[in-house]
Amino acid sequence: MTRPPAGQPAGSVGRVIAIDGPAGAGKSTLSRALARHLGLQRLDTGAMYRAVAWGAIARGVDPADHQAVASLARTMSINVGDRVTADGTDITEAIRAPDVNRAVSVVAANRDVRATMVARQRQWVVDHRGGVVEGRDIGSVVFPDADLKIYLTASGEERARRRSEEGPARLARRDHLDSTRAASPLEVAEGAKIIDTTGRSSEAVVEEVLTWL
Ligand code: DC
């Protein structure tokens, strides 16, 4: 049982599975399969940071303008499910566009944006009575007491192949920024199980993870 956020009664949070790792490691495939097997909802927290980056671009706000982007993050209503919406606009495809890929790491390095998103992620888990949550800091910061923490990885070549539309150089740059930023960098959380998905089928990875539950 994951400890509920301050102020929440014990027992109000169900099972939480935290999945972290770099881009293209296989987090989305694994989190979808686990959510289906366990009857839980899935939250893609990367989509939340992407939504804020999209919002900045759409409003002509410089993604590096700390205060402006932090205030945008506080006021934007973001809904992440099968579709992603921001203030009622469907941005599911728009948040995967190259301009968002380029801006999102700067937005995600903004401490105030992170504080807003982390609070919403914790509330989402309370509202959904647990869930499979994927991102970069889920096991380390958002849910350090998760029932299971997984760190997925794969070789740089394989990850670049899976995200070929982004290009290997841009992907490597984004991963570098995400791993070296001061605020909640991507890292292996204490107690996380590490899986290298290089050359493995998604079915084999899911099967292995299910043996840990
Ligand atoms: O998972 P993704 O590639 O869609 O994530 C987009 C960006 O968001 C990624 O470059 C890093 C950032 N991110 C983050 O900082 N923390 C999270 N929990 C999830 C994503």
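Counting convention: from 1, in listed order, for ligands and their atoms alike.
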Study note, to complete from the structure: ligand 1 atoms nearer than 4.0 angstrom to some heavy atom of Arg96 are 4 (O)
Practice item. List every atom of ligand 1 that sits less than 4.0 Å from any heavy atom of Arg163, numbering the atoms from 1 in the order shown and giving each element. Key: 3 (O)
Check your understanding: Does Asp44 reach ligand 1 with a nitrogen or oxygen that is under 3.5 Å from one of the ligand's nitrogen or oxygen atoms?
Key -> no
Practice item. Indicate, as side chain, backbone, both or neither, the part of Arg50 found under 4.0 angstrom from ligand 1 when only non-hydrogen atoms are considered. Key: side chain
Check your understanding: Within the distance-only criterion (no hydrogens, no angle test), does the side chain of Arg74 pair as donor or acceptor with the backbone N or O of Thr116 below 3.5 angstrom?
Key -> no
Practice item. For Arg114 and ligand 1, answer yes if some heavy atom of the residue is under 4.0 Å from a ligand atom, otherwise no. Key: yes
**Study point:** Arg114 side chain to Ala108 backbone, donor-acceptor under 3.5 Å
**Key:** yes
Review point. Heavy-atom distance to atom 14 (C) of ligand 1: which of Met48, Arg136, Glu166 wins?
Key: Arg136
Check your understanding: Does the N or O separation between Tyr49 and ligand 1 drop below 3.5 Å for any pair?
Key -> no
Exercise for review: Write out the residue and atom name of the closest protein heavy atom to atom 10 (O) of ligand 1, then the distance separating them to 0.1 Å.
Suggested key: Asp178 OD2, 2.6 Å
Review point. In Å and rounded to the nearest 0.5 Å, what is the NE2 to CG distance from His176 to Leu186?
Key: 12.5 Å
Review point. What residue and heavy atom of the protein are closest to atom 12 (C) of ligand 1, and at what distance?
Key: Ala108 CB, 3.7 Å
Check your understanding: With distance as the sole test, does Arg163 use its side chain to make a donor-acceptor pair with the main-chain N or O of Arg159 at under 3.5 Å?
Key -> no
**Study point:** Interatomic spacing from CZ in Arg32 to CG in Leu34 - rounded to 0.5 Å
**Key:** 12.0 Å
Practice item. Determine whether Leu43 and His128 make a side-chain contact, defined as any pair of heavy atoms from C-beta on separated by less than 4.5 Å. Key: no
Review point. Salt bridge check: are Glu93 and Arg83 linked by an N-O gap of less than 4.0 Å?
Key: yes
Check your understanding: What do you reckon, does Met117 put a non-hydrogen atom under 4.0 Å from ligand 1?
Key -> no
Study note, to complete from the structure: Within the 4.0 Å heavy-atom cut-off, what Gln121 brings close to ligand 1 is neither
Point to revise | Geometric N/O contact Lys27 with ligand 1, under 3.5 angstrom | key: no
Review point. With distance as the sole criterion, is a donor-acceptor pair present between the side chains of Asp178 and Ser105 under 3.5 Å?
Key: yes
Check your understanding: In Å, rounded to the nearest 0.5 Å, how long is the span from CG of Leu38 to CG of Leu210?
Key -> 6.5 Å
**Study point:** Under 3.5 Å donor-acceptor, Lys27 side chain and Gly21 backbone
**Key:** yes
Point to revise | Polar contact flag for Asp137 and ligand 1 (N/O pairs, less than 3.5 Å) | key: yes
Review point. Hey, is the main chain of Ser184 close enough, under 3.5 Å, to the side chain of Arg181 for a donor-acceptor pair?
Key: yes
Exercise for review: Using a 4.0 Å heavy-atom threshold (strictly under), name the region of Arg173 that reaches ligand 1: side chain, backbone, both or neither.
Suggested key: neither
Practice item. Would you mind checking which non-hydrogen protein atom is closest to atom 19 (C) of ligand 1, with the distance to 0.1 Å? Key: Thr45 OG1, 3.3 Å
Check your understanding: Closest non-hydrogen protein atom to atom 20 (C) of ligand 1, residue and atom name please, with distance?
Key -> Gly46 CA, 3.5 Å
Check your understanding: Under 4.0 Å from any heavy atom of Ser105, which atoms of ligand 1 are there?
Key -> 10 (O)
